[in-house]
Amino acid sequence: MVLPQGSSSSSGDGRGTESVEIDAAPRRFERAITWTRVAGAIVALLLAPVVPNLGFGYVLGLSVFLIAWAWLLHVLSGRVRSLADQEQISKVAFAGDCVVIFLGMLAITPEPNWMLFTLFAVLLIITAAFRLGDAGAGVATLIVSLEFVGLAIWRERALGLPVQLPYLAFILVLYCLTALIVSAMIREVGMMRRERTALIRDASDADELRRADLERRELLDRERAARADAEIATARLETLQRITDAALARSGLDDQLPEMLRRIMPVFESGAAIALVPGQPGGSFAVRAAVGLDQVPRASLRIRGGDAERAIQARRPMAILDLSAAELDALVGTPVQASVVAPLHAEGELVGLLYLASQRGHTFTPDELGLLRLIAERVAVAIDRASLLDAERRARAAAEAAEGRMRLLLQAGEALGEATAVERRLEQIAQLAVPKLADFCAIDLLDPDGSLRRVALAALDVNVERANWAVASRYRRDPLGTHPVWDVLRHAKPVIWEDVGPDRLQRLARSSEDLRRLLERGICAWMGVPLLVDGQVRGSMSFTNAESQRRFAPEDVATAEELAGRVAVAIARS
């Protein structure tokens, strides 16, 4: 007579129900009901000899029905999937319980006045009222009344037990009163539940309004924060785009880097920004561009340990929190309160460092470090691209120089092959060498008496040519002279001066007036090659650089030797 799992509580009219959760598998409550019915069957068997009964067969029948009924309800409750299924189970359970009451009243005792019958009947009415509402209470009252009256009449006729009409009427009235009281109680409980539900709903609505208002405020705060983040992100993207535009500009690196640094500084509230590139091997760096400094330092510096070196190894920007970057901070020239360094990697290679310093305290957030990492990629691309362009320009210049040297040799061959006087051909050779090979070229031949005679010269400036012809005619050079051309003639090997200092300049000059002219020209490099004919030195070719400030490369030396060889052949043929 216990409410099964998944049942619905009814209001007074038998229609108001509250949904409960339905599980596919039987619950502990159903298992308890099952074992309660099984225990009732066992108790009936054990108490049969103690109480009056109609015989062991009736008791056994009651016990078997209880066990079968418990198993059936257990199986049916395990198949419940909805409230409609549960309502059907409640009706079946009500019918079965009516049969149980009937069998108990029939089998246990022939005495109709035993109060146990009344107790069972009242429990059935209460259970039916809770299961099926007012209708269930009325049906249960009618059924137990008919059972009680029927069994009383059967006992009178079959067993000779007289029917006591007052007691019978009292029991029937008791059943009716039980049904009415329980129904009224259920209706009151339903009304109280509805009132409580209404109060809960009102409180829930108020709570819902408060939650809605709180959620609205949170949404507004989130919207403002999101709008602020979006504005910051937009500004950073615009900055990143401006930096990218500067990195993609076709100007030189010396123009690109300062412009990029000027665009980077406002983003991180820095007072100085420095771009460094690798210097000499060993971890040194040189300042390539700087913004916010009074003077750009020229000396190189080394990064040893600390956050700066860890940033290089980790390949990501890192705020400097220790004193290991004192050399970097010293570049700024003013006290640095906050600084950050970002390594610049291109194609897996370290191409430089980006250093930002602020004179006031600033905490670099992860978002700022992430943005700085993107900026560092753009700066690294600019440096790598500029390096590639420089390499391309150098390669083009080298190719053009090689082509010029080849053209020089071809033109020299054509000039030496002409049917003119040898001095005239040598003059053409000197003129071809300037400015393709040097700023000044002179050809000197040895006379039979051992003296050196200048036969041809050419220079970028006509005045320089006239002055040199005057010096050559005024001063006769002898083998005991200190001029480097005699070293070339004595050793029959080229002599190259990559730098012309005061001592060397004294050896090149013929007089104080000639020394003054050489100083005014700014002689920076000198080269002499011998003219060899059948292993014998017949003269020399000398080359000087002044106006262009060029140095003689190995390719220039090779070209000069090749040119001297062709001149020597022409001299031998003449």
Side-chain angles (χ1 to χ4, degrees), residues 252 254 286 295-296 298-299 390 393-394 396-398 400-402 404-405 407-408 412 426-444 452-477 481-489 493-531 539-561 563-564 567:
D254 292 333
Q295 184 177 2
V296 178
R298 299 296 180 184
D390 291 342
R393 294 190 188 99
R394 289 193 298 270
R396 185 183 299 111
E400 293 174 352
R405 287 190 292 268
R407 188 179 300 110
L408 170 64
L426 295 180
E427 288 180 2
Q428 293 180 357
I429 296 300
Q431 293 173 357
L432 290 173
V434 177
K436 296 179 181 177
L437 190 59
D439 299 337
F440 176 86
C441 176
I443 301 177
D444 299 310
L452 194 62
R453 177 171 50 92
R454 179 154 294 177
V455 296
L457 65 84
L460 291 175
D461 189 354
V462 177
N463 295 326
V464 174
E465 289 185 5
R466 292 174 181 172
N468 274 274
W469 277 120
V471 170
S473 63
R474 187 179 307 122
Y475 298 98
R476 183 176 182 82
R477 290 175 288 180
T482 59
H483 199 281
V485 71
W486 291 108
D487 295 337
V488 176
L489 298 175
K493 293 182 179 180
V495 174
I496 300 97
W497 287 354
E498 295 182 354
D499 293 307
V500 180
D503 295 339
R504 290 179 174 178
L505 200 61
Q506 289 283 353
R507 292 182 61 183
L508 290 175
R510 298 302 179 192
S511 63
S512 58
E513 183 67 21
D514 189 24
L515 177 61
R516 184 184 61 79
R517 284 194 295 267
L518 294 178
L519 288 172
E520 290 177 353
R521 289 182 58 197
I523 303 297
C524 64
W526 185 90
M527 175 176 60
V529 292
L531 301 176
S540 70
M541 293 185 67
S542 57
F543 304 89
T544 306
N545 280 331
E547 291 81 357
S548 65
Q549 293 296 305
R550 292 182 299 174
R551 300 296 187 271
F552 293 110
E555 296 83 2
D556 298 328
V557 178
T559 303
E561 290 180 328
L563 186 61
V567 171

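Because only heavy atoms are used, hydrogens play no part in the values below, and waters and symmetry mates are left out as well, while side chains stay in.
Around CD of Glu498, the count of heavy atoms belonging to other residues, nucleotides or ligands within 6.0 Å does not exceed 12. Atom CZ of Arg551 sits in a crowded spot, with more than 12 heavy atoms from other residues, nucleotides or ligands closer than 6.0 Å.
Partner of Phe543 under the side-chain contact (heavy atoms from CB on, under 4.5 Å) criterion, chosen from Asp439, Leu437, Asp556: Leu437.
Pairs passing the ring-ring contact (aromatic ring centres under 6.0 Å, His included) check and including a residue from residues 493-529, sequence neighbours excluded, read Trp497-Trp526.
Considering only residues two or more places apart in sequence or on other chains, Arg504 meets the side-chain hydrogen bond (donor to acceptor under 3.5 Å, both in side chains) condition with none of them.
When atom types are taken as modelled, the side chain of Asn545 and the backbone of Ala525 share no donor-acceptor pair closer than 3.5 angstrom.
Considering all non-hydrogen atoms of both residues, Leu563 and Ala433 come closest at CD2-CB, 4.4 Å. Between Ser540 and Leu489, the closest heavy-atom pair is CB-CD2, 3.9 Å. Val529 and Pro494 get closest at one heavy-atom pair: CG1-CB, 3.9 Å. Looking at every heavy atom in both residues, Ala459 comes nearest to Val434 through C-CG1, 3.9 Å. Considering every non-hydrogen atom in both Ala430 and Ala456, the closest pair reads CB-CB, 4.4 Å. Across all their heavy atoms, Met527 and Ala560 have their closest contact at CE-CB, 3.6 Å.
In this structure, Phe440 and Ile523 have side chains that are not in contact, with every pair of non-hydrogen atoms separated by 4.5 Å or more. By the 4.5 Å heavy-atom criterion applied to side chains, Leu508 and His483 are counted as neighbours.
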Step by step, work out the side chain to side chain contact (heavy atoms under 4.5 Å, CB included) result for Met541 and Ile429.
CA-CA 10 Å; Met541 293 185 67; Ile429 296 300; 4.1 Å; yes
Would you check, one step at a time, whether the test side chain to side chain contact (heavy atoms under 4.5 Å, CB included) holds for Thr559 with Lys436?
CA-CA 11 Å; Thr559 303; Lys436 296 179 181 177; over 6 Å; no
Quick one, Arg454 with Ile443, criterion side chain to side chain contact (heavy atoms under 4.5 Å, CB included). Give me CA distance, side-chain angles, the key distance, then yes/no.
CA-CA 6 Å; Arg454 179 154 294 177; Ile443 301 177; over 6 Å; no
